[in-house]
Amino acid sequence: MSPTLTFLGAAGTVTGAKFLLTADGTRLLMESGMFQGLRELRARNWQATPVEPATLAAVLLSHAHIDHSGYLPRLARDGFQGPIFCSPGTADLLKIMLPDAAHLQQEEAEFRNRKEATKHSPALPLFTTADADRALALVKPIAYEQTFAPAQGIEARFRMSGHILGASTVEVVTGGRRLVYSGDLGRYDVPIMRDPVRVAAADTLLVESTYGDRLHPPGDAAPIVEQAVRRAAEQRGWLLIPAFAIGRTQDLLFLIRELEEAGRIPKLPVYLDSPMGIESTKIYARHQEEHDTDVARVEAEGKRPFVPARFQLSPTGEDSKKLNGLEGPAIVIAGSGMATGGRILHHLRHRLSDERTTVLFVGYQAAGTRGRQLRDGAAKLRIFGEDVPVRAAIMATDALSAHADQGEIIRWLRGFSRPPGMTYCVHGEPSASTALRDAIERQLGWRCAVAADRQQIDL
Ligand SMILES: [Zn+2]
């Protein structure tokens with residue numbers, strides 16, 4: 001019987017990645033992601049997995065983002081005991097991401113119970129920190145480019161995908177068939193991350209399509225960051241940067257240091273106000289095997305690539321609150337990236353009404369978030385039940401995206417020396433996946449389809 005693959009998530013939607021590979025009676029799960037976003041999607045995290053976790057031989061994981069890894073604690077809690085294979089960088093990031101996801105789950109359950117805002121009494125977390133620890137104990141790091149056997153009769157290999165630290169494409173060979181999964185693809189010629197590594201051959205290819213219908217604007221983030229820092233310095237005010245702890249924060253630290261070094265911006269105090277940002281920056285600094293030439297150049301000069309001249313860490317909540325009493329000019333980087341929660345909220349509450357303040361958004365701002373309201377020019381913003389008038393200058397750049405756009409995905413696909421037998425678009429809203437499929441058919445002439453939820457394919 002030929003090996004089969006079943007799409008159990010990230011088909012017709014971006015999140016919840018889970019692909020079940022069955023070969024000769026052996027079952028292996030590629031990705032174990034959490035569904036995120038709309039309520040109907042999140043509800044799927046609570047449905048029983050269509051496969052008994054204890055029957056899985058192993059999990060292969062492309063990277064640490066929660067929509068790819070966040071279901072691992074639940075899988076371990078429900079009886080999965082096999083190894084979880086991933087790159088060394090991913091293994092390190094999981095150590096901070098899975099416990100953090102568990103904390104959020106527990107906080108949300110407590111909040112619901114306190115407010116009695118639940119039909120389920122008591123509300124339960126999807127998983128706990130003990131479940132996260134259980135999953136972490138199963139993690140087996142494997143170096144890039146090394147062939148290994150995740151289960152009997154199956155060979156696999158990770159290659160760098162350039163998306164975030166540790167992010168990989170995954171190749172699986174079984175029964176003479178070669179399956180390649182792109183994971184999340186990064187971008188070409190960006191700071192910090194190397195280009196996605198070329199893959200030459202596949203019988204079946206799964207390609208992500210998050211930005212399958214988009215082209216990123218040309219240009220880099222340096223000019224806008226420069227402008228924002230200069231404004232803060234001239235106004236003697238604060239520059240608030242809401243940023244995700246992993247990836248975006250290290251991009252910013254690197255960029256600020258480069259601009260300082262080039263004399264393009266004054267050396268202001270830079271506060272990294274995020275425990276997860278601090279930990280992930282240490283992990284980025286440590287994994288030198290992944291650094292691109294820009295970062296390696298700084299290291300070769302004996303300098304620290306993610307450390308601006310007047311760098312300060314704010315690990316505790318107390319450290320964070322102390323910043324409210326300090327005069328600018330200064331820069332603070334804090335989560336969350338869309339100002340939906342996290343420490344950035346108290347900074348915004350404290351400083352949005354001050355016209356000397358500058359706010360710089362460096363990532364996508366989803367509809368309905370405070371970040372989107374500010375970007376759209378809101379005159380006031382509701383924070384902790386209070387309407388805060390917006391007098392700060394609001395700036396934004398989309399140049400720091402960690403996802404390949406349509407052109408960059410096609411560029412990676414052009415690395416294949418012959419067309420895969422069949423290509424499936426995964427990880428996308430239907431419009432994005434369809435647009436990428438059309439582009440692949442038109443520009444490459446390949447056979448391509450949008451993966452359907454619960455669809456089973458023969459490899
Ligand atoms: Zn990702």
Side-chain angles (χ1 to χ4, degrees), residues 7 9-11 13-19 29-37 41 45 59-72 84-98 100-101 104 139 144 158-170 180-188 190 192-197 206-214 216 243-251 276-277 280 283-284 287 290 335-338 362-366 398 400-406 408-409 412 425-429 432-433 436 451:
F7 300 105
T13 188
V14 175
T15 62
K18 286 179 210 76
F19 311 121
L29 196 62
M30 298 174 71
E31 312 294 76
S32 181
M34 214 152 92
F35 287 98
Q36 295 174 310
L41 280 171
N45 293 320
V59 172
L60 293 176
L61 183 65
S62 73
H63 70 291
H65 275 151
I66 289 301
D67 57 325
H68 294 254
S69 73
Y71 197 76
L72 287 170
I84 298 165
F85 295 102
C86 61
S87 71
T90 298
D92 278 347
L93 287 178
L94 287 176
K95 289 177 203 158
I96 55 175
M97 296 200 67
L98 295 185
D100 181 72
L104 287 175
V139 171
Y144 287 118
F158 296 122
R159 295 182 179 91
M160 212 176 283
S161 84
H163 166 61
I164 59 166
L165 185 91
S168 319
T169 62
V170 186
V180 171
Y181 165 52
S182 70
D184 280 352
L185 286 173
R187 310 183 59 193
Y188 292 84
V190 292
I192 303 192
M193 302 307 296
R194 294 197 202 165
D195 291 351
V197 169
L206 315 183
V207 64
E208 73 126 328
S209 53
T210 314
Y211 287 153
D213 58 349
R214 252 177 278 181
H216 294 310
F244 294 110
I246 290 167
R248 221 59 60 78
T249 288
Q250 292 75 36
D251 284 337
M276 198 144 120
S280 58
I283 294 172
Y284 264 74
H287 282 274
E290 295 206 26
S336 70
M338 299 191 204
V362 291
Y364 177 70
Q365 303 299 315
D398 291 320
L400 290 178
S401 174
H403 275 278
D405 65 8
Q406 188 190 83
E408 290 162 320
I409 296 169
W412 181 73
C425 297
V426 293
H427 297 296
E429 297 304 330
S433 298
L436 182 64

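Atoms within a ligand are numbered from 1 in the order they appear, just like the ligands themselves.
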Indicate whether the side chain of Y181 and that of E31 have a donor and an acceptor atom separated by less than 3.5 Å. yes
Could you tell me whether any N, O or S atom belonging to H163 is less than 2.8 Å from the Zn ion (ligand 1)? yes
Assess, by modelled atom type and distance only, whether the side chains of H216 and D398 contain a donor and an acceptor separated by less than 3.5 Å. no
Just to confirm my numbers, could you give the angle made at the Zn ion (ligand 1) by OD2 of D184 and NE2 of H63, rounded to 10°? 90°
I need the L98 CG to S69 OG distance, nearest 0.5 Å. 5.0 Å
Going by atom types alone, do D184 and H427 pair a side-chain donor with an acceptor below 3.5 Å? no
So, H403 and the Zn ion (ligand 1): N/O/S under 2.8 Å, yes or no? no
The Zn ion (ligand 1) - name of the N/O/S atom of H65 that sits closest to it: ND1
